[in-house]
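What follows is a short report on a single structure.
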Amino acid sequence: MGQELLHESDSSIRQQRIQKLADLADKGINPYPYYYNKDAKASELQEKYKDLAAGEETEDTYSVAGRVMVVRNSGMFIDLVDDSGKIQIFSHKENLNPEQIALLKLIDLGDIVGFKGTIRRTPRGELTIKAKDLTLLSKSLRPLPNKHLSEEKIKEIEAKIGKVYKLTDMETKYRQRYIDLIANEEVRDTFRKRSLIIQKIREYLISKGFMEVETPMLHPQAGGANARPFITHHNALDMDMYMRIAPELYLKRLMVGGVSEKIFEINRSFRNEGIDTRHNPEFTMMELYQAYVDYNDMMTLTENLVSTIAQEVLGTMKITYGDKTIDLTPPWDRKTMIGAIQEKTGIDFSNVFTCEDAKVKAQSIGVNAEDCDNWGQVLDHVFEEKVEPGLIQPVHIYDYPRDISPLAKVHRSNDRLTERFETRINGWEVANAFSELTDPIDQRARFEAQALAKANGDEEAMSIDEDFICALEHGMPPTGGLGIGIDRIIMLLTNSPSIRDVIAFPTMRHKD
RNA sequence: GCGCUUGUAGCUCAGCAGGUAGAGCAAUCCCCUUUUAAGGGAUAGGUCACGCGUUCGAAUCGCGUCAAGCGCACCA
């Protein structure tokens, strides 16, 4: 039955295990059964019997199940790992019949097995299930990454038994994340935290009266951000479509509709751009919109949201990232973009009025802004070069140039600026928010400026979205809007150096 | 896209003034065991990423390709 599975190219370990499938079939055992009546998790038992003294036995019977991660003494002792933790299994011939002993011999590292037995604590102090019965639940045909024994690693093993199995090859970790998860406890922790962080964000927003909505991922035209889109094609409609680069314009349509005065969406966006430690082509954004508030309220909301999540997930607002300590305790610093630049460079761009003059000023401090098309772009460029790298602690940089903010409302007291801010943590943009532009006439003018830039070769510029303008023409309430890069927040809260460490299956080049 | 680094057994790595591969763990068999990095003995396992070249001879040198990591560029 396993015959056709045997190929010359197979590794010997895999061949041996496929042979075991045949041995199991001979015994009438299905290596891939349908269910198991698991009634306890490893960590529950560890907690429940934490006061059981070494050497003591009970008659309490449980069924546990998980992956065989360590085998000692020819199978007499097994470390069984489930999603909660580890428990030791003791299998002795006194307690098992010959058929069960025979099955035990066919169990390999990596198999999923269920054990039923009584609770005891060994003289050495390890909580253990004394097995009375065992059930193979899934045969593993491929070997696991194994313990390795450099001096350094031995110390790790001594420090924490859960790290005995290790996989460090980056390519395998990313392409075959399941192996990474099996082998590395800290990776399991990271993805559990990812889930918890997103759950807590939802809970927080819902508790504040926000309604979760969903908007299209397939757009007839790309919009809502300056980015290059992925293009795809719908066959039945015979039309090109664009994977969304931001949900913004659809969420604002919902604000026009008034389904709720507070809405949010947590979902993927796609940008056809480079890949590095902070960018993955598909990434998770949270965007929210709240009627009758402005960008000042969004600043407060941002810091309350992020600090609350940190507190709930990590138990502290002072986080460690690499060798840095970042204090997320609100309130966060707030600096105007012009002020932050002046503070750092001494140049007051509020007194610079033309693009050409701005370029001269930029040049005077060693920033080449020749490619910039307007005053705002120069300002942004200078900011990125001179200010951003030093912004480790959380800070809201506000009042962005109108030139580079086509969806934000003009500043109420300076028409060269908009009521827009970006929040920086560890030098990264983690939030982008504005008093949303609700004036359809102005929005059209902004789109037209974008369309002109696009015509002049700016591949990331927006085009005119007539349908969106039509929506605005029906009237949208004054609204504060906020976008947060969820992956980057997760990186910060899990101390992950690369965005790929917090995305289970990051985008990789095709390989065959 | 450019630069630097990397790609050797299932995993982690060694070998690289060129002589055709090694270790630990994992695996197989045996012994012994209430162990915890269990122990002891024996065995097996590799087109040294791929291709071309230099050479009597290449995992080791050269060129190219592929993949990965990091940095820069691009990009929020």
Side-chain angles (χ1 to χ4, degrees), chain A residues 9-17 19-20 54-55 57 69-79 86 88-95 105 108-110 120-128 130 140-161 163-176 179-180 182-184 225-228 245-246 269 271-281 283 285 371 380 383-384 388 400 404 422-424 427-432 458-460 483 485 488 497-498 500 506 508-512:
Chain A
S9 61
D10 288 344
S11 71
S12 67
I13 291 175
R14 181 162 175 268
Q15 287 185 35
Q16 286 161 5
R17 294 203 180 174
Q19 182 56 49
K20 285 186 182 178
E57 297 213 17
M69 291 299 284
V70 184
V71 176
R72 290 181 292 276
N73 290 33
S74 312
M76 187 182 291
F77 293 93
I78 285 171
D79 284 352
K86 181 198 90 176
Q88 179 170 269
I89 309 296
F90 173 59
S91 300
H92 198 278
K93 50 182 175 251
E94 286 173 10
N95 310 308
K105 284 201 164 84
D108 291 302
L109 224 44
R120 57 176 287 230
R121 191 175 289 281
T122 65
R124 302 284 183 103
E126 190 74 29
L127 191 71
T128 301
K130 187 159 93 179
S140 168
L141 303 182
R142 306 256 187 180
L144 252 35
N146 291 314
K147 29 184 156 179
H148 47 88
L149 300 177
S150 70
E151 289 302 314
E152 199 182 11
K153 295 303 172 190
I154 290 171
K155 283 172 187 161
E156 276 188 32
I157 289 165
E158 286 169 352
K160 190 178 180 187
I161 195 77
K163 288 189 179 176
V164 171
Y165 286 77
K166 199 81 182 176
L167 175 74
T168 59
D169 179 68
M170 289 303 209
E171 194 165 351
T172 308
K173 282 165 70 71
Y174 295 152
R175 288 190 194 274
Q176 295 178 276
I179 299 177
D180 194 26
I182 290 169
N184 295 328
N226 293 106
R228 228 181 294 187
I245 55 175
S269 287
R271 297 186 183 177
N272 204 341
E273 291 160 357
I275 296 175
D276 61 34
T277 51
R278 258 144 277 137
H279 298 84
N280 196 63
F283 60 102
M285 289 262 289
D371 292 340
D380 194 35
F383 177 80
E384 285 180 359
E388 188 179 274
Y400 267 60
I404 58 169
E422 289 191 354
T423 305
R424 306 273 160 168
W428 309 340
E429 175 199 344
V430 299
N432 182 18
D458 182 351
E459 289 188 79
E460 286 82 34
R488 289 180 185 176
S498 169
R500 295 190 186 102
M508 300 289 278
R509 202 180 290 269
H510 181 259
K511 185 187 182 186
D512 71 5

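In the text below, chain A, chain B and the rest are named by the order of the sequence lines, each starting its count at 1.
- Between A:E57 and A:R488, the one whose closest nucleotide on RNA chain B sits nearer the 5' end is A:E57.
- Phosphate proximity of B:U28 to A:K20: present, with a side-chain N or O under 4.0 Å from OP1 or OP2.
- Base pairing annotation: B:U34 forms no Watson-Crick or G-U wobble pair, as no partner gives both donor-acceptor distances under 3.5 Å.
- Using the Watson-Crick or G-U wobble rule with both distances under 3.5 Å, B:C25 pairs with B:G10.
- A distance of about 28 Å separates the P atoms of B:G53 and B:G10, rounded to the whole Å.
- Distance noted for atom P between B:C25 and B:G40: 8 Å (whole Å).
- Comparing B:A68, B:C74, B:U12 by their closest approach to the side chain of A:R175 singles out B:A68.
- Note on A:D380: a base of the nucleic acid sits closer than 4.0 angstrom, heavy atoms only.
- When atom types are taken as modelled, the side chain of A:N184 and the backbone of A:L167 share a donor-acceptor pair closer than 3.5 angstrom.
- Listed by chain and residue number, A:H279 satisfy the side-chain hydrogen bond (donor to acceptor under 3.5 Å, both in side chains) test with A:R488 (two or more places apart in sequence, or in another chain).
- By the salt bridge (Lys or Arg N to Asp or Glu O under 4.0 Å) test, A:E273 is found to be paired with no residue, residues two or more places apart in sequence or in another chain being considered.
- Taking atom C1' in both B:C11 and B:A37, the straight-line distance is 15 Å, to the nearest Å.
- When distances are taken from the side chain of A:E126 to each of B:U35, B:C70, B:U34, the shortest belongs to B:U35.
- Counting non-hydrogen atoms under 4.0 angstrom, A:K130 reaches nothing in the nucleic acid.
- The CG atom of A:L109 sits 11 Å away from the C1' atom of B:C11 (whole-angstrom rounding).
- A:E460 comes within 4.0 angstrom of sugar-phosphate atoms only, judged by non-hydrogen atoms across all strands, and of no base.
- Across all strands, A:D108 comes closer than 4.0 Å only to sugar-phosphate atoms, never to a base (heavy-atom distances).
- Nucleotides B:C70 and B:U54 are separated by 38 Å at their P atoms, to the nearest Å.
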Within the sub-3.5 Å range, which N or O atoms of nucleotides 39-44 of chain B have a protein N or O partner, and how far apart are they?
none

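- Taking atom C1' on both nucleotides, B:A26 is separated from B:A9 by 11 Å, rounded to a whole Å.
- Remark: B:U65 base-pairs with B:A49. Criterion, Watson-Crick or G-U wobble with two distances under 3.5 Å.
- With B:G71, B:U28, B:U12 as the choices, the nucleotide that has an atom nearest any side-chain atom of A:Q16 turns out to be B:U28.
- One cannot find a donor-acceptor pair under 3.5 Å joining the base of B:U33 and the side-chain atoms of A:R72.
- Put simply, CZ on A:R500 and OG1 on A:T277 are 8.0 Å apart, with the number rounded to the nearest 0.5 Å.
- Nearest to the side-chain atoms of A:P145 among the listed nucleotides B:C70, B:C11, B:G69 stands B:C11.
- Rounded to whole Å, the P atom of B:G39 lies 13 Å from the corresponding atom of B:G24.
- Residue A:R509 places at least one side-chain N or O under 4.0 Å from the OP1 or OP2 atom of B:A68.
- Scored by the side-chain hydrogen bond (donor to acceptor under 3.5 Å, both in side chains) test, A:E429 finds no partners at all (sequence neighbours excluded).
- When the side-chain nitrogen and oxygen atoms of A:T122 are compared with OP1 and OP2 of B:U34, none of them lie within a distance under 4.0 Å.
- A:E459 meets the side-chain contact (heavy atoms from CB on, under 4.5 Å) test with A:R228; sequence neighbours excluded.
- Base pairing of B:C16 is not made with any nucleotide, judged by Watson-Crick or G-U wobble geometry with both donor-acceptor distances under 3.5 Å.
- For the C1' atoms, the distance from B:G51 to B:A67 is 15 Å, rounded to whole Å.
- Side-chain atoms of A:M76 lie closest to B:U33 of the nucleotides B:U33, B:C74, B:G69.
- Put simply, the side chain of A:D169 gets close to the backbone of A:T172: a donor and an acceptor are under 3.5 Å apart.
- Here the nucleotide nearest the side chain of A:L167, chosen from B:U34, B:U12, B:A68, is B:U12.
- Judged as a salt bridge (Lys or Arg N to Asp or Glu O under 4.0 Å), and not counting sequence neighbours, the contacts of A:R17 are A:D108.
- Nucleotide B:U35 holds its P atom 17 Å from the CG atom of A:L127, rounded to whole Å.
- In this structure, A:D79 atom CG and B:A37 atom C1' are separated by 11 Å, rounded to whole Å.
- An anti base is found at B:A26: its glycosidic angle is more than 90° from 0.
- Each of B:A68, B:C74, B:A26 was ranked by its minimum atom distance to the side chain of A:D276; first place goes to B:C74.
- No contact: A:R278 has no heavy atom under 4.0 Å from any strand.
- Of the candidate nucleotides B:A38, B:U12, B:C70, B:U12 has the atom nearest to the side chain of A:T168.
- Rounded to a whole angstrom, the distance from the C1' atom of B:A49 to that of B:C56 is 27 Å.
- Going from atom CG of A:N73 over to atom P of B:U36 covers 7 Å, rounded to whole Å.
- The interatomic distance linking A:L144 (CG) with B:A27 (P) rounds to 10 Å, in whole Å.
- Listed candidates were B:U34, B:C70, B:A68. Nearest to the side chain of A:R500 is B:C70.
- Under 4.0 Å is where a charged nitrogen must lie from a carboxylate oxygen, and between A:K86 and A:E126 at least one such pair does.
- Among the protein residues, A:A225 comes within range of no part of the nucleic acid, since none of its heavy atoms lies under 4.0 Å from any strand.
- Ranking B:A27, B:G69, B:A38 by closeness to the A:I13 side chain, first place goes to B:A27.
- Partner assigned to B:A44 is none, using Watson-Crick or G-U wobble distances below 3.5 angstrom.
- Using N1 to N3 plus N6-O4 or O6-N4 for Watson-Crick, or N1-O2 and O6-N3 for G-U wobble, each under 3.5 Å, B:G71 pairs with B:C2.
- In this structure, CG on A:N280 lies 8.5 Å from OG on A:S498, to the nearest 0.5 angstrom.
- A heavy-atom distance below 4.5 Å is found between the side chains of A:R72 and A:D79.
- Computed from coordinates, the A:H279 NE2 to B:A73 C1' distance equals 13 Å when rounded to whole Å.
- If you take CZ of A:R142 and P of B:A9, they are 15 Å apart, rounded to a whole angstrom.
- What separates CZ of A:R124 from C1' of B:U36 is a distance of 8 Å, to the nearest Å.
- Once rounded to the nearest 0.5 Å, the distance linking CD of A:Q88 with CZ of A:R124 reads 10.5 Å.
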